[in-house]
Amino acid sequence: MGVEWADLAGSDLIVVGILVAVALGPYVSAVRGETSLALATVLSLMLVTFVQFAHSVMTGIPMHFAWMIDLFGIKPHLMGDPLESYRMVSAAWLHADWVHVLGNILVIALVGVPLEQRLGGRRWMAVYFLGFVGGNAAWILSHPESSAPAIGASGAAFGLLGAYMACWPEDKIEFPLLFFIRAWPVWLIVFIRLGLEVWQMYSLQAGTAGESNIAHMAHAGGFFVAYLLARPIARGAPSSLDSPQESATGSARAEAIRAQAKERMGSLDDDPWTVVEKPLQGGAARILRRLREEGDELETRRAWLEELSEHTICPVCDGEMITEIRGENCRLRCALVGSHVKWP
């Protein structure tokens, strides 16, 4: 017999309330602050895992959070009961250990953030939801009599890969692959990650890999459900949905746009302090040097200009320096009299 709601003590119900609060809190904050839902998901998963293990440590009983897994995990033999349908969602927020959750949030952060920039927050959440629901459904259908609880956000993580593959396979994203962390095309990441899953499922089926406690079928289910439904969801997203013929040139177009933006950034050679014979010294000079060394990229130039504005004053009136951002470009100007400094 598994754990049932009637078996929970008052302290257990408090823990359940805390789990729900820390799971939803990052999303409430992200919606209010209009920040990334992908990063909110990472924080949500981390906080829930922290509560799991903190509860175990506080009780002094290793794996004392097993009742949470039993109560909230997917149990295929129970899923015919509508009252158990909450498990389809709750299972995606629980993990067996820190390695389990860190493996999932690595994919959610590195793949999910650029995908959210392409899709927009609401569409991204729809894809994420499809991933874990599709993964859970695949596990239930492939193991209908199982009473062992299945947990984790792996189906959702593979769902993000599936959606990215369906919509923008030529995008390059930073990802640890083949023992290197570099920008790999999405199609290659999918080819290797999904290929490993298929190979492991084949090995288990053939009996050459022993037994495994990893729900490989859930990974595949999350991937293919999101892959099949991502393009209809992505219609109207912030990024245009390329046709298969156009996707191969999407990366080249993005590089061309980026190159045009660089041309508009302006030269860093003649800084306003040297021009009026008041060259920067100390920390400000070091920041200026780093700006010149690394300022050929939009993001790094903006970061170093913001840092420089905090360590310098206007060379004309000694007023405060501020950063002025217009579109993708950024420059410094005098806060008192804009005509004193507008650089670069």
Distance from [X] atom [atom1] to [Y] atom [atom2], nearest 0.5 Å?
X	Y	atom1	atom2	answer
M165	L188	CE	CG	10.0 Å
N136	S85	CG	OG	12.0 Å
E320	E310	CD	CD	9.5 Å
I322	C334	CD1	SG	8.0 Å
M79	H77	CE	NE2	10.5 Å
E116	R123	CD	CZ	12.5 Å

Residue pair [X] / [Y]: nearest heavy atoms and the distance that separates them:
X	Y	answer
R87	D70	NH1-O, 3.0 Å
C314	C317	SG-N, 3.5 Å
G159	A226	O-CB, 3.1 Å
R292	L268	NE-O, 2.8 Å
P82	G80	CD-O, 3.4 Å
E277	P279	C-CD, 3.3 Å

Taking only residues two or more places apart in sequence or in another chain, which ones pass side chain to side chain contact (heavy atoms under 4.5 Å, CB included) with [X]?
X	answer
L332	W273, L305, L308, S309, M321, T323, W343
D269	S267
V225	L130, L229

I'd like to check the side chain to side chain donor-acceptor pair (under 3.5 Å) partners of [X]; sequence neighbours left out, ordered by chain and number.
X	value
Y164	D171
T312	none
T59	none

With sequence neighbours excluded, residues passing ring-ring contact (aromatic ring centres under 6.0 Å, His included) with Y128: W124, F132
By ring-ring contact (aromatic ring centres under 6.0 Å, His included) - contacts of F53 (at least two apart): F65, W98
Does [X] [atom1] have over 12 foreign heavy atoms under 6.0 Å away?
X	atom1	answer
Y86	OH	yes
D270	CG	no
W67	CH2	yes

Is there a donor-acceptor contact under 3.5 Å from the side chain of [X] to the main chain of [Y]?
X	Y	answer
R231	A166	yes
T49	L45	yes
K278	P315	yes
H340	L336	no
E324	C330	no
W168	S239	no
R333	V341	no

Quick one: do [X] and [Y] end up in the same hydrophobic cluster if we chain Ile, Leu, Val, Met, Phe, Trp and Tyr together by side-chain heavy atoms under 4.5 Å apart?
X	Y	answer
L39	L119	no
L177	F191	yes
V127	V113	no
L161	W199	no
V57	V99	no

Sole candidate of V190, L196, L194 that passes side-chain contact (heavy atoms from CB on, under 4.5 Å) when paired with I192: L196
Quick one: does [X]'s side chain get under 4.5 Å of [Y]'s, heavy atoms only?
X	Y	answer
M88	I74	yes
H55	M68	yes
P185	P169	no
H216	F158	no
Q200	E197	yes

Atom pairs and distances, side-chain donor-acceptor, residues 12-28, under 3.5 Å, sequence neighbours left out:
{"from": "D12", "atom 1": "OD2", "to": "A9", "atom 2": "N", "distance (Å)": "3.1"}
{"from": "Y27", "atom 1": "OH", "to": "T41", "atom 2": "OG1", "distance (Å)": "2.8"}

Table please: side-chain donor-acceptor pairs of residues 100-111 below 3.5 Å, with sequence neighbours left out.
{"from": "H100", "atom 1": "ND1", "to": "A96", "atom 2": "N", "distance (Å)": "3.1"}
{"from": "N104", "atom 1": "OD1", "to": "S154", "atom 2": "OG", "distance (Å)": "3.0"}
{"from": "N104", "atom 1": "ND2", "to": "H95", "atom 2": "NE2", "distance (Å)": "3.0"}
{"from": "N104", "atom 1": "ND2", "to": "S154", "atom 2": "OG", "distance (Å)": "3.3"}

Proximity of F72 and W5 rings by center, below 6.0 Å: yes
Per-pair distances, 0.1 Å, donor-acceptor, side chain in residues 138-149, under 3.5 Å, sequence neighbours excluded:
{"from": "S142", "atom 1": "OG", "to": "A138", "atom 2": "O", "distance (Å)": "2.8"}
{"from": "S142", "atom 1": "OG", "to": "W139", "atom 2": "O", "distance (Å)": "3.2"}
{"from": "S146", "atom 1": "OG", "to": "A148", "atom 2": "N", "distance (Å)": "3.3"}

Residues forming a salt bridge (Lys or Arg N to Asp or Glu O under 4.0 Å) with E294, sequence neighbours excluded: R290
Over-ring placement of R182 relative to W184, 6.0 Å and 45° cut-offs: yes
side-chain contact (heavy atoms from CB on, under 4.5 Å) evaluation trace for E84 with K75: CA-CA 9 Å; E84 302 292 337; K75 289 186 173 183; over 6 Å; no
